[in-house]
Protein chains: 2
Amino acid sequence: MSKQLPVLTDDGAGCCAPIAQMPLPAEHAARLARAYKALGDPVRLQLLSLIASHPDGEACVCDITAPFELTGPTISHHLKVLREAGLIAGERRGTWVYYRPVRETITELSTLLVLPQAAATVS
Amino acid sequence: MSKQLPVLTDDGAGCCAPIAQMPLPAEHAARLARAYKALGDPVRLQLLSLIASHPDGEACVCDITAPFELTGPTISHHLKVLREAGLIAGERRGTWVYYRPVRETITELSTLLVLPQAAATVS
DNA sequence: CGTCTGGTTCGACAAGCGTCTATTCAAGGA
DNA sequence: TCCTTGAATAGACGCTTGTCGAACCAGACG
């Protein structure tokens with residue numbers, strides 16, 4: 001019965017304890033909800049997955065546009081939403097633009113949803 | 001209120017590997033995005049936190065309505081969104097209705113955002 | 001029975017969001 | 001220099017969403 005809490009030392013990003021630990025303050029809820037909302041679209045979720053699962057740790061826009069039956073501007077719009085949510089970061093190198101996942105933000109969202117061990121129902 | 005939910009017991013909390021492991025298939029992305037979208041509102045995020053952090057493991061609607069400056073119907077609407085996303089489950093006992101978090105779904109969303117260790121680049 | 005209280009459903013409205021076409025910008029190559 | 005390609009921006013359109021007041025349902029209690 002070891003009680004171990006995953007101590008995460010995220011400077012700035014991971015400011016909040018998991019949702020089950022204490023009620024989430026309103027000001028943090030607003031910021032975090034914006035990030036979750038960015039994930040609340042199937043295209044964006046797949047875009048993030050494509051970028052995060054790319055072998056090089058980053059992906060060119062030209063590569064991640066093809067799998068979708070959407071126009072360029074629409075993909076660009078979704079990338080902007082992910083970027084402004086702090087989930088990805090982009091950089092232009094020559095002709096192409098490369099995006100990479102932002103670990104701190106993604107990890108923060110994951111940690112927030114970690115639930116404590118189910119308490120064994122003692123009499 | 002009939003709970004005719006198909007018993008999709010996602011054992012192990014989730015069918016999908018973390019987003020960085022492989023590109024997320026479209027059909028799973030749709031379902032998961034619906035769940036993240038439910039978290040994409042500050043009120044719902046706080047509602048879930050209030051329910052999940054309640055000592056009894058469940059919370060009465062009458063208790064979680066007060067902290068918000070919103071009308072009853074609005075809170076009820078948000079609870080319905082969380083319920084239909086599979087994040088919480090409600091039960092009526094006498095006069096009051098109690099909600100509890102659904103571990104499987106919440107854990108699935110958390111796991112999906114777990115990133116692998118930063119690869120130590122080979123030279 | 002009638003009435004009160006807790007919670008949900010209904011209907012409506014403004015604001016927000018996803019998608020498109022058309023346009024613009026950025027960088028290279030002839 | 002002009003032209004081509006990759007990507008972002010601008011503007012428009014229809015659908016979705018958050019919120020409300022009003023009405024409705026479900027129990028508990030005289």
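Quick caveat, the model's predicted, so the values are computed rather than measured. Each chain gets a letter, A, B and so on, in the order the sequences are listed, and its residues count up from 1. FYI, side chains are in, hydrogens and waters are out, and symmetry mates aren't considered; it's all heavy atoms of this structure.
What separates CG of B/Asp63 from P of C/dG6 is a distance of 11 Å, to the nearest Å. With rounding to whole Å, A/Leu79 atom CG is found 12 Å from C/dT19 atom P. Rounded to an integer number of Å, the gap from A/Arg92 CZ to D/dT5 P is 16 Å. For A/Leu70 and C/dG18, the CG to P distance is 12 Å, given to the nearest whole Å. Rounded to an integer number of Å, the gap from A/Leu82 CG to D/dA8 P is 12 Å. Between the CD1 atom of B/Ile75 and the P atom of D/dC20 there is a distance of 9 Å, given to the nearest Å. The nearest whole Å value for the distance from the CH2 atom in A/Trp96 to the P atom in D/dA8 is 14 Å. Protein atom NZ of B/Lys37 is 11 Å distant from nucleotide atom P of C/dC17, rounded to whole Å.
Comparing B/His77 and A/Val81 along DNA chain C, the residue whose closest nucleotide (by nearest heavy atom) sits nearer the 5' end is B/His77. Mapping A/Pro73 and B/Gly72 onto DNA chain C via the closest heavy atom, the residue that lands nearer the 5' end is B/Gly72.
The side chain of B/Val97 has C/dT8 as its nearest neighbour among D/dC20, D/dG18, C/dT8. Relative to the side chain of A/Val43, the nucleotides C/dT19, D/dA28, C/dG7 differ in distance, and C/dT19 lies closest. Listed candidates were D/dG6, C/dT19, D/dA8. Nearest to the side chain of A/His78 is C/dT19. Considering only side-chain atoms of A/Thr74, the nucleotide from C/dC20, C/dT9, D/dG6 that sits closest is C/dC20. Counting only heavy atoms from C-beta on, B/Ser76 has its side chain closest to C/dT8 among C/dT8, C/dC20, D/dT9.
A salt bridge between B/Arg103 and B/Glu108 is absent, with no side-chain N of the basic residue lying under 4.0 Å from a carboxylate O of the acidic one.
B/Arg93 comes within 4.0 angstrom of no nucleic acid atom, judged by non-hydrogen atoms across all strands. Nucleic acid contact class of A/Thr71 (heavy atoms, under 4.0 Å, all strands): base. Residue contacts for B/Phe68: at a heavy-atom cut-off of 4.0 Å it reaches no nucleic acid atom on any strand shown. No contact: A/Tyr98 has no heavy atom under 4.0 Å from any strand.
Shortest non-hydrogen contact noted between B/Val102 and B/Ile88 is CG2-C, 3.6 Å.
When side chains are defined from C-beta on, A/Leu113 does not count as touching B/Thr107, because their heavy atoms never get closer than 4.5 Å. Counting only heavy atoms from C-beta outward, the side chains of A/Arg44 and A/Leu48 never approach each other to under 4.5 Å.
Under the 3.5 Å distance criterion, the side-chain polar atoms of B/Ser53 are left unmatched by any main-chain donor or acceptor of A/Ala20.
Note on B/Tyr99: a side-chain N or O is less than 4.0 Å away from OP1 or OP2 of C/dT8.
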